**Q** 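Quick one: the structure is below, questions incoming.
Lettering of chains follows the sequences in order, A, B, ..., and the numbering in each one begins at 1. Keep in mind the model is a prediction, meaning the values are calculated, not measured.
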There are 2 protein chains.
Amino acid sequence: MGEAPILRIDLGSGVPAYEQIVAQLRALLVAGKLPAGERLPPVRQLAIDLGVHHNTVALAYRELAEEGWLELRRGRGATVVERRERRPDAQARTEFSRRLEALVAKAAADGLSPEAVAKEFDALARKLWKGKKR
Amino acid sequence: MGEAPILRIDLGSGVPAYEQIVAQLRALLVAGKLPAGERLPPVRQLAIDLGVHHNTVALAYRELAEEGWLELRRGRGATVVERRERRPDAQARTEFSRRLEALVAKAAADGLSPEAVAKEFDALARKLWKGKKR
DNA sequence: GACTATTGTACACATACATTGTACATTTGT
DNA sequence: ACAAATGTACAATGTATGTGTACAATAGTC
């Protein structure tokens with residue numbers, strides 16, 4: 001019946017709402033679930049669904065537009081566009097490395113076993129890169 | 001000659017300084033490189049090394065103390081203590097899952113290949129769990 | 001034992017960030 | 001031409017982050 005809830009954000013997670021929106025949309029975009037040409041919901045609509053202000057959604061959209069995923073136009077809405085593949089730079093690599101270490105260390109501190117962490121990682125890799133180019 | 005630089009924080013990385021300190025110390029603690037009984041540098045000393053205010057370091061120490069890694073006492077300093085293994089709860093699992101997805105999606109968006117990401121992950125797992133209990 | 005240095009803590013302040021309220025600009029549809 | 005829909009701009013507010021400064025507790029020294 002109802003639409004599948006596109007996104008779900010967790011207030012009180014410490015992570016800013018607009019960052020959660022960016023992160024989840026980016027994951028969908030990377031996984032190819034939002035192909036070029038697709039229209040995203042209007043900022044006001046998504047804002048209501050998520051329980052935040054429309055400017056918060058707008059900020060998220062703008063960040064994704066900066067990153068090359070979306071085209072934003074007044075009165076027309078947000079559209080997914082074709083995006084050129086990026087060449088990773090050193091900055092991106094070290095930043096990823098640092099954050100991954102922090103995240104996994106936190107998981108270990110919380111008691112997650114190496115096996116549980118590895119399993120989670122595998123499941124995610126399949127999810128994100130399933131049906132995409134190798 | 002000089003001591004190995006224990007930590008290195010990156011201002012302008014977006015991540016708050018005190019969080020970077022917490023994350024890096026936590027990684028060392030998880031990896032067993034700071035065994036119980038070890039003394040951490042005084043907040044003012046570490047603050048100078050890192051180029052931040054000593055209250056910023058103090059905040060990081062307090063967070064790790066809350067987490068059960070350190071004992072803090074006025075005049076005596078910060079000491080690593082024996083810490084009971086945690087049982088992971090659902091909250092920790094879903095939080096880890098969400099953040100991992102966000103992080104890996106970001107890496108993919110930046111152009112890192114699945115192989116590069118997996119490789120980074122392997123190296124990290126070895127680093128964090130090397131010589132620790134299975 | 002008194003004094004001083006060392007060390008973590010408390011608290012007020014400044015600045016930046018995140019979110020919201022409100023109004024505006026642009027496009028679409030009738 | 002008009003109204004509705006949609007993204008944008010900007011001020012206001014609350015929270016987080018970092019700092020300056022003073023305080024409290026412990027350790028070292030004579």
**Q** For B:Ser97 and A:Glu120, which I'm curious about, is there any donor-acceptor pair between the side chains at under 3.5 Å?
**A** yes

**Q** Distance check needed: C:dT9 P versus B:Arg76 CZ, whole Å only.
**A** 13 Å

**Q** How long is the gap from CZ on A:Phe121 to CG on B:Asp122, to the nearest 0.5 Å?
**A** 7.5 Å

**Q** Between B:Glu19 and B:Arg44, who's closer to the 5' end of DNA chain D by nearest nucleotide?
**A**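 Comparing both residues, the 5'-ward one is B:Glu19.
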
**Q** For a quick test of reading the model: is some side-chain N or O of A:Thr56 closer than 4.0 Å to OP1 or OP2 of C:dA18?
**A** no

**Q** C:dA18 C1' sits how many Å from A:Asp10 CG, rounded?
**A**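 For the pair A:Asp10 CG and C:dA18 C1', the rounded distance is 16 Å.
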
**Q** Expressed as a whole number of angstroms, how long is the span from B:Leu72:CG to C:dA10:C1'?
**A** 15 Å

**Q** First and last nucleotide of DNA chain D touching chain B, 5' to 3', heavy-atom cut-off 4.0 Å?
**A** D:dT17 to D:dA27

**Q** Can A:Leu50 be reached from A:Val15 by stepping across I, L, V, M, F, W or Y side chains whose heavy atoms are under 4.5 Å apart?
**A** no

**Q** Could you check how far CZ of B:Arg74 sits from P of C:dA10, rounded to whole Å?
**A**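 Going from B:Arg74 (CZ) to C:dA10 (P), I get 6 Å.
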
**Q** Nearest whole angstrom, please: distance from the C1' of C:dG8 to the OH of B:Tyr61.
**A**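 Whole-Å distance recorded here is 11 Å.
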
**Q** Which ILVMFWY residues are connected to A:Leu59, directly or by a chain of links, through side-chain heavy atoms under 4.5 Å apart?
**A** A:Tyr18

**Q** Considering every strand and a 4.0 Å limit on heavy-atom distances, what is the contact class for A:Arg62: base, sugar-phosphate, or nothing?
**A**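 Sugar-phosphate contact only - A:Arg62 comes under 4.0 Å of backbone atoms but never of a base.
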
**Q** Can you figure out which of C:dA25, C:dA23, C:dT7 approaches the side chain of B:Pro42 most closely?
**A**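 Of all the options, the side chain of B:Pro42 is nearest to C:dT7.
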
**Q** Any side-chain to backbone donor/acceptor pair from A:Arg98 onto B:Gln20? Under 3.5 Å, distance only.
**A**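 Side chain of A:Arg98 to backbone of B:Gln20: no pair is present.
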
**Q** Let me know the distance between CZ of B:Arg39 and P of C:dT7, rounded to the nearest Å.
**A** 9 Å

**Q** With salt bridge (Lys or Arg N to Asp or Glu O under 4.0 Å) as the criterion, how do A:Lys127 and B:Glu101 come out once you've worked through the C-alpha distance, each side chain's angles and the decisive distance to 0.1 Å?
**A** CA-CA 9 Å; A:Lys127 177 179 172 185; B:Glu101 176 167 12; 3.1 Å; yes

**Q** Starting the side chain at C-beta, find the nucleotide from C:dT19, C:dT9, C:dG8 nearest to B:Asn55.
**A**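 Of all the options, the side chain of B:Asn55 is nearest to C:dT9.
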
**Q** Kindly compute the distance separating CG (A:Asp10) from CD (B:Glu95), expressed to the nearest 0.5 Å.
**A** 6.5 Å

**Q** Tell me which of B:His53 and A:Val52 sits closer to the 5' end of DNA chain C, going by the nucleotide each one is nearest to.
**A** B:His53

**Q** Identify, between A:His54 and B:Ala58, the residue whose nearest nucleotide on DNA chain C lies closer to the 5' end.
**A** B:Ala58

**Q** CD1 of A:Ile21 versus C1' of C:dT20: gap in Å, rounded?
**A**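 From A:Ile21 CD1 to C:dT20 C1': 13 Å.
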
